[in-house]
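Along the sequence shown, residues carry numbers from 1. Everything quoted here is computed from the prediction, not taken from an experiment.
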Amino acid sequence: HPVWTEVLHPIAWAGRMPYPYARAQHHARQTYDRSGPRKLVWGSDMPNVGRYCTYRQALGYVWDYAEYLTAEDRRRIFRENTLELLAPAPPATGVR
C-alpha cells in the first residue's frame, strides 16, 4: 500500500515561533530527505491553522522558504501527488 506524508507544520508550530517557522523548516527538510518529493503532500489544515497564521503563511513557509525544492518537487508536493492519491482506482482485472 502506498504511504504518504502530509506537510502541515504550522498547526503545531505557528503559535510557538515566528513565521517562517525555522524549526518546522528543519523538520520539513528531514521529512523530504527521508521520503522524497513523490511521497509528500502539502496540507493547509484550514480552517484550524487560521488561529495561528494566514493561509498564505501556511503555504509560503514551504513554497517560499524551502530552497532545496526544485520546481518539479513543488509541482509534485503541492499538486500532482494529491491528484494521484485521490484518483479513482483502476478497475480490477480477472475478478468475478
Side-chain angles (χ1 to χ4, degrees):
H1 297 293
V3 176
W4 301 81
T5 300
E6 186 178 7
V7 181
L8 53 79
H9 292 283
I11 194 69
W13 296 108
R16 299 182 202 160
M17 67 181 62
Y19 180 80
Y21 324 122
R23 191 167 176 191
Q25 293 290 336
H26 175 70
H27 290 188
R29 178 62 190 255
Q30 285 180 319
T31 303
Y32 173 86
D33 288 345
R34 288 182 182 140
S35 302
R38 291 187 166 271
K39 292 297 181 183
L40 300 175
V41 294
W42 176 78
S44 69
D45 219 8
M46 283 295 185
N48 295 329
V49 77
R51 293 175 286 176
Y52 305 111
C53 65
T54 66
Y55 180 85
R56 179 67 184 115
Q57 288 172 323
L59 172 69
Y61 88 98
V62 177
W63 187 273
D64 296 331
Y65 291 92
E67 73 285 343
Y68 52 89
L69 295 178
T70 66
E72 176 61 21
D73 290 345
R74 283 181 175 83
R75 198 168 25 260
R76 293 222 55 89
I77 294 167
F78 289 90
R79 183 177 191 277
E80 299 301 324
N81 292 343
T82 301
L83 292 176
E84 290 175 15
L85 179 65
L86 299 176
T93 58
V95 177
R96 295 183 190 247

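Asn81 pairs with exactly one of Arg75, Arg76, Arg38 by the side chain to side chain donor-acceptor pair (under 3.5 Å) rule, that one being Arg76.
With sequence neighbours excluded, the residues that form a ring-ring contact (aromatic ring centres under 6.0 Å, His included) with Tyr19 are Tyr21, Tyr65. For Arg29, the salt bridge (Lys or Arg N to Asp or Glu O under 4.0 Å) test picks out Asp33, with sequence neighbours left out.
Between Val49 and Ser44 the shortest heavy-atom distance is CG1-O, 3.1 Å. Shown here for Tyr52 and Gly15, the closest heavy-atom pair between the two residues is CD2-CA, 3.5 Å.
By the 4.5 Å heavy-atom criterion applied to side chains, Glu72 and Pro37 are not counted as neighbours.
For the atom pair CZ (Arg79) and CD (Glu84), the distance works out to 10.5 Å, reported to the nearest 0.5 Å. Between Asp73 atom CG and Tyr32 atom OH the span is 3.5 Å, to the nearest 0.5 Å.
The salt bridge (charged side-chain N to carboxylate O under 4.0 Å, His left out) analysis of residues 39-64, with sequence neighbours excluded, yields the pairs Arg56-Asp64.
Trp42 places a side-chain N or O within donor-acceptor distance of the main-chain N or O of Ala58, the cut-off being under 3.5 Å.
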